[in-house]
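Values reported hereafter were calculated over all heavy atoms of this structure, with side chains retained and with hydrogens, waters and symmetry mates removed. By convention in this document, chain letters (A, B, ...) are assigned in the order of the sequence lines, proteins followed by strands, and residues within each chain are numbered from 1.
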There are 2 protein chains.
Amino acid sequence: MNRGRPPVSIKDVARHANVSIGTVSNVLNRPEMVSEDRRRRVTQVIEELGYVRNDVARQLKAGQSLTVGLVVQDSANPFYNEIALGAEAAAEKLGQAVILGNAGLSPAREGLYLDLFQEQRVRGVLITPQSADRARIDTLRSRGIPVILVDEHASSSLYCSLAVDDIEGGRLAVEHLLSTGRRRIAFVGGPDSLHQVRDRRTGARRAVQGVPGASLEDFASEALTVLEGRRIGEQIADLPQDRRPDAVFAANDLVAIGLLQAFAFHRRIRVPEDIALIGYDDIDFATSAIVPLSSIRQPARLIGRTAVELLEDESTDPEHRHRHVSFQPELVVRDSTAAP
Amino acid sequence: MNRGRPPVSIKDVARHANVSIGTVSNVLNRPEMVSEDRRRRVTQVIEELGYVRNDVARQLKAGQSLTVGLVVQDSANPFYNEIALGAEAAAEKLGQAVILGNAGLSPAREGLYLDLFQEQRVRGVLITPQSADRARIDTLRSRGIPVILVDEHASSSLYCSLAVDDIEGGRLAVEHLLSTGRRRIAFVGGPDSLHQVRDRRTGARRAVQGVPGASLEDFASEALTVLEGRRIGEQIADLPQDRRPDAVFAANDLVAIGLLQAFAFHRRIRVPEDIALIGYDDIDFATSAIVPLSSIRQPARLIGRTAVELLEDESTDPEHRHRHVSFQPELVVRDSTAAP
DNA sequence: TACCGTGGATGAAACGATTCAATAAATAGG
DNA sequence: CCTATTTATTGAATCGTTTCATCCACGGTA
């Protein structure tokens, strides 16, 4: 126990090794500049005293940290976890660390983490924004902290951004439903402040257009969660059969899983016989849902990795120009959309 | 864009407001000590210049940070995510932040994050350790950084710890299986270095003992993941029917979901008719599995919250005595263990 | 012998905040 | 009007690093 005992500093090491502070620092940072015997002496003292470099002081001096802040919409969504994993892996390669802030679907908490990261002088911020309100993010940017918009295309050219083509994804999903013979399609998702929701719906609309007899009905959820999915599922299940859709496109897999639960509970509705169902994100649990879930896959790890790489480029390359990277979604077919 | 432009410091604010550095600091930290007009002047300049306190410098001076490090075994497991959510919520109340390190089931990465947190001089570390090797953790402790063992009972009295009674949990699970008439029970889990695995198995053994005709067979997995669950599931499915168990207790829900997938793929095996299945942790996705999964619930959020509170106590109360908090698990019955 | 260059080591300044002793100003009391 | 007391403000020291100009000793060269 050494509660309260002040931790060993570089000064202590210097004293014990009978060298100057500068020498110890050199041993740590450019050992080739230090003579053999001193280096050995210092290294040994470091070992003996259990010295650990104080990164706080180091950062203060350097004015730049090796920590990247990542703000995600909802850490309960495995999709964002995958992004985080990708980012972590890339950061590790660069000798950096990722610290995660979970906005938990609340814009207020999003702001809270942005403030915190700003105070901590992180090297940059990766964020999956929740609303179109860019004021806070612009502020960060104007203070000189690089920001990368993840899973969203920047309209301005102030940021790097990376995103999957959600319109294409929506189109893929609904085209697939149509190809299995479904015509009365429902779209479940919300709130509309999320561009993911808007874009996927747009793609869905486009797919429906021009197909004779095909229609798209909208069911607005308040969040992209299992709970909301279940709620809307009950609504759909309660509809008279002739007004019920024969296929549902859910804005993400969590919502789809909620729908599935509701349908399974009202045993009257079978998936895919009565209603076909497709989700979005292709999270791991889609495979293991009550009925294995068709979905639109996004390269989540790659997104996370690329975000960190863009940040690194922005903060080291003086020639850096903001880029907007686009990824393509991919259809994954499972039981939930088998032809009836 | 102000790339490169040095950020605004307290000095700049002082200069613009025609006051001393100390006064600005006072406006920030004890505004009641500063006269009305100066306070206004300073506040206004802060606004104009967009000054943001540099937390790095603040921490250096203070020698203590407001950041808590949390190292989890595997962030892909929703159970640990729940713990993180609980910890975050509690930290927020104390004006602190949680930074997450994901060991990804690798002891090496666990060590890496411990080093990182140590360099960052975090206020303390919450960790769900992966092996019995306490050397690294002891080192941290001896350097004066408080450590809380999460989901594990400390044998020594050097740490606070909190855990769920896994022996009891194992007993609950298998007793339930026995109560539905199953006798040939299989336990799937590993590696044995995880006390969770050992304890849950021990509980299972105790439940089986003394029940005539009941047996417990062991299937060792290499990790507690969906993938490993699927692998063992294939093995079990390939057994001749007379050597097959009639119930499986999986060491956690991810493994259980993997088993479920394997059984569903080999359509020969129906759950619960042919084999009953129970998992552990009661993650959200247990409800929405192919067959809704029975499980043993642990109060994950509460665990996270309590961990932060213990840490706070340890780092502020000079009278602090290490505590070992125990939680009770709870049986949740769903379709996967319905009587045959 | 005087001079120069060089590889190592040093000491002090700087980063941006907090804190505290010292000071200045204002107020009260006699 | 002088002193004592309170209150507001300041300036300097400090935290633990890194960095850089300076310095020193030693060897080689003219």
Undergrad: Reckon B:Leu28 touches a base, only the sugar-phosphate, or nothing at all at heavy-atom distances under 4.0 Å?
TA: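 Answer is nothing: B:Leu28 stays at 4.0 Å or more from every strand.
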Undergrad: Rounded to the nearest Å, what distance is computed from the NZ atom of residue B:Lys61 to the P atom of nucleotide C:dA17?
TA: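 Value for this atom pair: 14 Å.
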Undergrad: Could you state the atom-to-atom distance from CD1 of B:Ile10 to C1' of D:dT10 in whole Å?
TA: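 It is 13 Å, rounded to the nearest whole Å.
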Undergrad: Tell me: CG of B:Leu60 to C1' of D:dA13, nearest whole Å?
TA: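 After rounding, the reported distance stands at 13 Å.
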Undergrad: Restricting both atoms to N or O, compile the protein contacts to nucleotides 20-25 of chain D shorter than 3.5 Å, with distance only.
TA:
none

Undergrad: Given D:dT17, C:dT10, C:dT18, which nucleotide is nearest the side-chain atoms of B:Ile21?
TA: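 For the B:Ile21 side chain, the nearest candidate turns out to be C:dT18.
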Undergrad: Should A:Glu110 and A:Ile127 count as side-chain neighbours, where that means a heavy-atom distance under 4.5 Å?
TA: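 Answer yes - side chains close enough.
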Undergrad: Within the 4.0 Å heavy-atom criterion, would you say A:Ser9 contacts the bases, only the backbone, or no part of the nucleic acid?
TA: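 A:Ser9: backbone/sugar contact only, no base atoms under 4.0 Å.
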Undergrad: Let me spell it out: for each of A:Thr23 and B:Lys11, pick the nucleotide of DNA chain C with the closest heavy atom. Which residue's pick is nearer the 5' end?
TA: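 Whichever sits nearer the 5' end wins; that is A:Thr23.
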Undergrad: From CZ of A:Arg38 over to C1' of C:dG8, roughly how many Å is that when rounded to an integer?
TA: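 Value for this atom pair: 8 Å.
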Undergrad: Which of the following nucleotides, C:dT10, C:dG16, D:dT18, is nearest to the side chain of A:Ser20?
TA: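 Between C:dT10, C:dG16, D:dT18, the one nearest the side chain of A:Ser20 would be C:dT10.
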Undergrad: Could B:Glu88 and A:Arg109 be called an ion pair, given the rule that one side-chain N must be under 4.0 Å from one carboxylate O?
TA: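 A salt bridge is present here (some side-chain N lies under 4.0 Å from a carboxylate O).
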Undergrad: Looking at every strand, decide which applies to A:Val34 at a 4.0 Å heavy-atom threshold: base, sugar-phosphate, or nothing.
TA: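 Sugar-phosphate, no base atom in range.
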Undergrad: With a 4.0 Å cut-off, would you call A:Asp138 and A:Arg141 a salt bridge?
TA: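 Salt bridge absent between A:Asp138 and A:Arg141.
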Undergrad: Have a look at B:Asp55 and say if it touches a base, only the backbone sugar-phosphate, or nothing, with a 4.0 Å heavy-atom cut-off.
TA: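 Counting heavy atoms under 4.0 Å across all strands, no contact is made by B:Asp55.
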Undergrad: In this structure, is the centre-to-centre distance between the rings of B:His320 and B:His322 below 6.0 Å?
TA: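 Ring centroids of B:His322 and B:His320 are less than 6.0 Å from each other.
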Undergrad: What is the distance from CZ of B:Arg39 to P of D:dT9, rounded to the nearest Å?
TA: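 Going from B:Arg39 (CZ) to D:dT9 (P), I get 10 Å.
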Undergrad: Report which part of the nucleic acid B:Ser35 touches: base, sugar-phosphate, or nothing (heavy-atom distance under 4.0 Å, all strands).
TA: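 Contact class for B:Ser35: sugar-phosphate only.
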